[in-house]
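Below is one structure; the comments refer to it alone.
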Amino acid sequence: MAISSDLGGLRRTHYSSDLSEGMDGQDVTVMGWLLTVRGHGGITFATICDRDGEVPIVAKKGGECPDEVREALSSLKAHSSVAVRGTLRASPRAPRGFEVVPAELRIFSSVQKIPPFEPVAKTVKNIDTRLEARPIDLRRSVLQHTFKMRSRILRAVRDYFEREGFIEINTPKIISSATEGGAALFSIFYYDKPAFLAQSPQLYKEQLTMSFEKVFEIAPIFRAEASRTPRHLSEAISIDLEEAFVDYNDVMDRIASLVRESADAARSYLEGAKRIADGDVSITVPEIPDSIPRHTYSSLVDRLQDAGAKTQWGDDLYPSDLKRLGLDGFYFIVDWPLGPKPFYVKESEGEAGGAGDKQQQQQQQRISESFDLMYGELEISSGSTRIGRREDLESRMRAKGMNVDSFGYHLGAFDYGVPPHAGCGIGLERLLMALTGTANIRDATFYPRDVDRLVP
Ligand code: AMO
């Protein structure tokens, strides 16, 4: 039978990326979704998209392919899920030098509804319209490349950790107390007790350095972010690392390697994709310098004030202010004021800052062994050396007005000898934004969660 709707025993023989004009005359079975269908008199042109790219189908009247196949193909709407078994024919007119002449068509699922936009449309609908039809949206080539790069980046990150002797951990996401300050917590009920969704694996990853020394986790973090910005999600994926017997300088070196290897993985994906798509890929991965510059917080405050900003020592550095300094690419901001940092961040000892740190020196301000990794004005990661002694942790908690008793389970670990340790959290979506040039974080995650969105 030339037309059917069952997969049955039929299996794909080739992905689009496996096909070439050199296979002239070969039988092939391709499967995917219909990108386009156009009928011209006795000839129907269709394009099937699969995981890797496009396969042109040409069904001509006059014995070359069964009439019923041609007619059924020309009646289908874009996005239908189909298989075509047929013969590959070299064709100098076709973009990739070949087309497939169908002998058999399977229509697994024909389209019932016209989507609100086409995957190849030049003008792209706003993100809310696109999210309402996210599975179709994710068929668009730019998102295909973005998420395939995401997958390669994650593989490169895991390879790095494996090679460097880290073990992958998973820590509880239902927790009893905040780690990153109370404001951004989601409350839930855990049976009859109040509980929260974890903002970070912070305390667990620190504890696990006692037994495993070098750990990493790639998992969701939950932040009740009231801000509607292109860089905040309520549920994000964090690449967390924590390591014993090192400080924040060693962690920055690790981040530099991770970013470089992630960029290499993204670039190698793109090179392959460009070969298949004949160069039709609009993403460019930024070059990562051999050494990522480090600026002290205090030196940037000085520069901001010289540039006319109202920023005072101790203030956060806002993207709108940082823009004035024209810092681009990746760079670290190091040695942040201790005050606003979470309770587990270690205070710097000895002389802090460089020649430009006049305010910090004048005001005898306390600074911390901490850093943020930035890409332009986007914060990609933050990390620090951690406090290693229970009494120091408790006094920081008290200074911040925290309830020390509710952290008993964590503080107790420090009675048994915790190694000096340091670590960081890297926002995966933000890293992907930097490496792919994605402007809105919602397009760097499959199904974004934000203050207005709980579906799809
Ligand atoms: P911090 O709170 O800075 O540090 O978070 C670390 C990184 O996670 C990402 N991130 C987010 N991404 C998207 N939407 C959000 N709402 C969001 N919040 C955070 C950012 C950020 O740099 N425990 C520390 C890390 C550590 O010291 O190990 C922490 O959570 O890229």
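All ligand and atom numbering here is 1-based and tracks the order in the structure. A quick note: this is a predicted structure, and the numbers were derived from the prediction, not measured.
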Side chain or backbone of [X] under 4.0 Å from ligand 1, or both, or neither, by non-hydrogen atoms?
{"X": "Gln199", "answer": "neither"}
{"X": "Tyr248", "answer": "neither"}
{"X": "Ile380", "answer": "backbone"}
{"X": "Ser200", "answer": "side chain"}
{"X": "Arg386", "answer": "side chain"}

At what distance is the nearest protein heavy atom to [atom], and which residue and atom is it?
{"atom": "atom 12 (N) of ligand 1", "result": "Arg430 NE, 3.5 Å"}
{"atom": "atom 23 (N) of ligand 1", "result": "Gln202 OE1, 2.7 Å"}
{"atom": "atom 16 (N) of ligand 1", "result": "Leu233 O, 2.8 Å"}
{"atom": "atom 6 (C) of ligand 1", "result": "Gly425 O, 3.6 Å"}
{"atom": "atom 24 (C) of ligand 1", "result": "Tyr344 OH, 3.4 Å"}
{"atom": "atom 21 (C) of ligand 1", "result": "Glu379 OE2, 3.2 Å"}
{"atom": "atom 9 (C) of ligand 1", "result": "Gly427 CA, 3.7 Å"}
{"atom": "atom 10 (N) of ligand 1", "result": "Ile221 CD1, 4.1 Å"}

What atoms in ligand 1 come closer than 4.0 Å to a heavy atom of [X]?
{"X": "Lys205", "result": "26 (C), 28 (O)"}
{"X": "Ile441", "result": "13 (C)"}
{"X": "Gly383", "result": "27 (O)"}
{"X": "Arg231", "result": "13 (C), 14 (N)"}
{"X": "Glu225", "result": "16 (N)"}
{"X": "Cys424", "result": "26 (C), 28 (O)"}
{"X": "Ala236", "result": "12 (N), 13 (C)"}

Can the ring centres of [X] and [Y] be said to be less than 6.0 Å apart?
{"X": "Trp336", "Y": "Phe371", "result": "no"}
{"X": "His295", "Y": "Phe332", "result": "no"}
{"X": "Phe186", "Y": "Phe222", "result": "no"}

Item to check | From Lys214, Arg386, Arg254, residue fulfilling salt bridge (charged side-chain N to carboxylate O under 4.0 Å, His left out) relative to Glu242 | outcome: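 Result for salt bridge (charged side-chain N to carboxylate O under 4.0 Å, His left out) with Glu242: Arg386.
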Checklist entry - Is a side-chain donor-acceptor pair under 3.5 Å present for Thr36 with Thr47? => result yes
Just by modelled atom types, is the [Y] backbone N or O under 3.5 Å from a matching donor or acceptor in the [X] side chain?
{"X": "Tyr297", "Y": "Asp316", "answer": "no"}
{"X": "Ser80", "Y": "Val111", "answer": "yes"}
{"X": "Lys205", "Y": "Cys424", "answer": "yes"}

Checklist entry - Please walk me through it: do Phe343 and Phe407 pass ring-ring contact (aromatic ring centres under 6.0 Å, His included)? => result CA-CA 12 Å; Phe343 68 93; Phe407 287 88; 5.4 Å; yes
Next on the checklist: Check this for me, if you would: do Arg130 and Asp443 make a salt bridge, where the nitrogen-to-carboxylate-oxygen distance has to be below 4.0 angstrom?
Outcome noted: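 A salt bridge links Arg130 with Asp443.
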Next on the checklist: Check this for me, if you would: do Asp450 and Arg442 make a salt bridge, where the nitrogen-to-carboxylate-oxygen distance has to be below 4.0 angstrom?
Outcome noted: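 Yes, this pair counts.
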Checklist entry - Out of curiosity, is Ser238 lining ligand 1, as in a heavy atom under 4.0 Å away? => result no
Next on the checklist: Apply side chain to side chain donor-acceptor pair (under 3.5 Å) to residues Thr296 and Ser298 and explain how you reach the verdict.
Outcome noted: CA-CA 5 Å; Thr296 63; Ser298 298; 5.2 Å; no
Next on the checklist: Within this structure, what is the CD-OG1 distance for the pair Glu429 and Thr445, rounded to the nearest 0.5 Å?
Outcome noted: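 The OG1 atom of Thr445 is 5.0 Å from CD of Glu429, to the nearest 0.5 Å.
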Checklist entry - Does His232 reach ligand 1 with a nitrogen or oxygen that is under 3.5 Å from one of the ligand's nitrogen or oxygen atoms? => result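 Not met; the criterion fails.
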Next on the checklist: Tell me whether the rings of His421 and Phe414 are parallel (<30°), tilted (30 to 60°) or perpendicular (>60°).
Outcome noted: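 The arrangement is tilted - the two ring planes meet at 30° to 60°.
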Item to check | Among Glu206, Arg223, Glu235, closest by any non-hydrogen atom to atom 30 (O) of ligand 1 | outcome: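 Among Glu206, Arg223, Glu235, the closest heavy atom to atom 30 (O) of ligand 1 comes from Arg223.
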